[in-house]
Number of protein chains: 2
Amino acid sequence: MKAVTIKDVAKQAGVSIGTVSRVFNGYPDISESTRKRIFKIAKDVGYSPNLAARTLSSKRQKTIALIFNDLVYTPKTTMPMSILNGVYDYTQSKGIEFAFYAVTTQKQKQKSFEQFCSERNVSGVILQGLHVTDPYYEQLKTTKIPTVLIDMYVDNPYVGSVSTDNVAAAKDAVSSLIKSGRKNIDMMNGSYNATVSVWREQGYHEALEAAELPPNSSLIQYANYDEQIARLMAKQVIEQDSTIDAFFCASDLMALGVIKAAQELNKRIPEDIAVMGFDGIELGEYVTPSLSTVSQQPYQFGQEAGKLVMELIDKPTLDHVLIRHVPYKVITRESSD
Amino acid sequence: MKAVTIKDVAKQAGVSIGTVSRVFNGYPDISESTRKRIFKIAKDVGYSPNLAARTLSSKRQKTIALIFNDLVYTPKTTMPMSILNGVYDYTQSKGIEFAFYAVTTQKQKQKSFEQFCSERNVSGVILQGLHVTDPYYEQLKTTKIPTVLIDMYVDNPYVGSVSTDNVAAAKDAVSSLIKSGRKNIDMMNGSYNATVSVWREQGYHEALEAAELPPNSSLIQYANYDEQIARLMAKQVIEQDSTIDAFFCASDLMALGVIKAAQELNKRIPEDIAVMGFDGIELGEYVTPSLSTVSQQPYQFGQEAGKLVMELIDKPTLDHVLIRHVPYKVITRESSD
DNA sequence: ATGAAAGCGCTAACAT
DNA sequence: ATGTTAGCGCTTTCAT
């Protein structure tokens, strides 16, 4: 029952532990015969190197950590799980050790980003769900720990960024609403503190501008990515301004709320009001009317983030392309057709 | 940048590393004044104990690992994420170190369960998605590593089990179909190798028996929890036997397939054929007709599993209740109303 | 090609 | 109440 260590293997093989270690680390200066023998013995006794020990004594052992901030999981938003899946698959395919963590704003206050990482010997981090108001955000500007942010950007050569090209995607989405004849497009946005909200709002403006439609800041609400808040706000907007003929929403969840609001006010969708979401959640295909959206690829986020963080670790300070965009697709369904 | 260690704190404080260690481990034999002083200095220099080192030198450091087998994540089945969430929250609330891993049948063949765990110094394991045909399954019968299985049972005092009371739940669900007047109820089951399938099938039988309905083994199919396979099988069943007036499905996903099959054959739901699913996935509320189901609580699975595995670690060989059931609810929606 | 030995950062006896 | 020291299992010089 007690764990078998490198010593047991060495004793069995009649060699020193140094030799066994070299075998397991693929050093070249080992005779083929002993290499074979050691591997066989190791297999027989069921030995495999202890990771904690390896981490302690070696500078090479790499583990990359995926950290979720504010993991408030609801079955409607499955992005986090897909990201996790993508990162995990990437690390496994490269034989890198993976670790998962979740933090909160509260926890960030208690322990710095650097501290959290050094405590756990992580060599690289992928961070999801951070807000610009979080303690980590400031700390990331000066960190030297290779880090990749999902859906957020920080100007630091050690910090990369993976996301959809939100500006372009939002612009495309709004343009498609315009192309179908809508002229008074309201934006149901998320939050000032979410970088993606800022980007998507910019795309919205650019689309209006490109179509020479007048900007109107009263046409933008912030519903904090909440379905119910979006519903209430949309209701108010529609009641106050009967010329609104479309909503561009910064998330599918909010779009669901907007649809409900419109229906409660007896508006026809998409004839009276078109609705466009953002994310591409599964539910969007099943609701009635089905939801037009910008579909993102969270699994690819994970894969790409894994790749980028490894580059950051392996060749630090080299000039990488620190911003990586993952393809998106504007999907037109019943809600805007 | 280089990590600050226990030595730095000791030097700063003018004490030995032993003292610092004792402070951080809450030993009582430290004067209040130095305790305070050390904590302050540690905070100033940004020290926090390295987990790998602690794990290595201590027998106490506990980390519990959540292992997913066959993590093929689709946004339709969000159970894994909820379980993860539940386990994570539990460990954090107790200050226990958490680790996440995923394995496959392939990987299980390369490395034994014990080996996988000793390599990572895990003190307890929560295992999800295992099949009775997996290598780990056999190994679990004799392991001494405290382990909790989700949706599966193994007879070993070191191995606990957390799940819905599947037999009772299935019985309730089928009984509700019977109560609403259905008499020829087909079961669309998952797989022989999934323990839950066996349990749910037993519940199905018990419900029929209780209602004195004749058993009929030709009324059971195995669609491997796949939506499309379920659709095809259901189609065949309905075509061959026009007296079928209900389907009890071992998962909501399969139920979705069955609904499609019935619709394609121009059967009215629920008038001609009632459909009952199992799981309580989000989608079920949104499809048309909305899906009747047995709603499970995967987040609670995670919490309960965390609790149980800690008990197993702390008081091994004591006689715990090794099987823990999490409450469920039979929800009747349009598909069986 | 292999052995010997010095750490990695920490905990836990054993001293005092 | 605190210092000293032997490991924990492994990697990595430095010898040979």
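As the structure is a computational prediction, the values presented were derived from the model and not from experiment. Residue numbering restarts at 1 for every chain, and letters A, B, ... go by the order of the sequence lines.
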Subject >> Test applied, ring-ring contact (aromatic ring centres under 6.0 Å, His included); reference residue, B:Phe113; option that passes from B:Tyr136, B:Tyr101, B:Tyr158 >> reply: B:Tyr136

Subject >> Atom pair distance, as rounded to whole Å: CD in A:Gln61 and C1' in D:dG9 >> reply: 13 Å

Original post:
Is the shortest heavy-atom distance from the side chain of B:Gln139 to the side chain of B:Gln108 under 4.5 Å?
Top reply: no

**OP:** Supply the atom-to-atom distance B:Glu119 CD to B:Lys111 NZ, rounded to the nearest 0.5 angstrom.
**Re:** 3.5 Å

Original post:
When rounded to the nearest 0.5 angstrom, what is the spacing between CG in B:Leu130 and CG in B:Leu140?
Top reply: 6.5 Å

Original post:
To the nearest 0.5 Å, how far apart are CD1 in A:Ile150 and CG in A:Leu66?
Top reply: 7.5 Å

**OP:** Go through the steps for A:Thr164 and A:Gln296 under the test side-chain hydrogen bond (donor to acceptor under 3.5 Å, both in side chains), then give the verdict.
**Re:** CA-CA 7 Å; A:Thr164 294; A:Gln296 303 195 86; 2.6 Å; yes

Original post:
Would A:Phe100 and A:Phe68 count as a close aromatic pair, with their ring centres under 6.0 Å?
Top reply: yes

Polar atom pairs (N or O), protein with nucleotides 4-6 of chain C, under 3.5 Å:
| from | atom 1 | to | atom 2 | distance (Å) |
| --- | --- | --- | --- | --- |
| C:dA4 | N6 | A:Arg22 | NH2 | 3.3 |

**OP:** Rounded off to whole Å, could you give me the CG-to-C1' distance for the B:Leu51 and D:dC8 pair?
**Re:** 15 Å

Subject >> Closest to the A:Pro49 side chain, choosing from D:dC10, C:dC10, D:dT12 >> reply: D:dC10

Original post:
Within 45° of the six-membered ring axis of A:Phe39 and under 6.0 Å from that ring's centre, is NZ or CZ of A:Arg35 located there?
Top reply: no

Original post:
Where along residues 25-38 of chain B does a heavy atom come under 4.0 Å from DNA chain D, residue by residue in number order?
Top reply: B:Asp29, B:Ile30, B:Ser31, B:Thr34

Original post:
Hey, does A:Val20 reach any base, or is it just sugar-phosphate, or nothing, if we go heavy atoms under 4.0 Å?
Top reply: nothing

Original post:
Roughly how many Å is it from CG in B:Asn121 to P in D:dG9, rounded to a whole number?
Top reply: 9 Å

Subject >> Between the first and last five pairs of the helix from C:dA1-D:dT16 to C:dT16-D:dA1, the angle of the axes, rounded to 10 degrees >> reply: 40°

**OP:** Would you indicate what B:Ser58 reaches in the nucleic acid, counting non-hydrogen atoms under 4.0 angstrom: base, sugar-phosphate, or nothing?
**Re:** sugar-phosphate

Subject >> Atom pair distance, as rounded to whole Å: CD1 in A:Ile6 and P in D:dC10 >> reply: 5 Å

Original post:
Rounded to the nearest Å, what distance is computed from the NZ atom of residue B:Lys59 to the C1' atom of nucleotide C:dA12?
Top reply: 12 Å

**OP:** Using whole Å, report how far CG of A:Leu56 lies from C1' of D:dG9.
**Re:** 9 Å

Original post:
So, for B:Lys141 and B:Asn156, which heavy atoms are closest and what is the spacing to 0.1 Å?
Top reply: O-ND2, 3.2 Å

**OP:** Using atom NZ of B:Lys62 as one end and atom P of C:dT11 as the other, report the distance to the nearest whole Å.
**Re:** 15 Å

Original post:
Between A:Glu311 and A:Arg324, does at least one N-O distance fall below 4.0 Å, as a salt bridge requires?
Top reply: yes

Original post:
Hey, does A:Met310 have a side-chain heavy atom less than 4.5 Å from the side chain of A:Thr91?
Top reply: no

Original post:
Once you round it to whole Å, what is the distance between P of D:dG9 and CD of B:Glu119?
Top reply: 14 Å

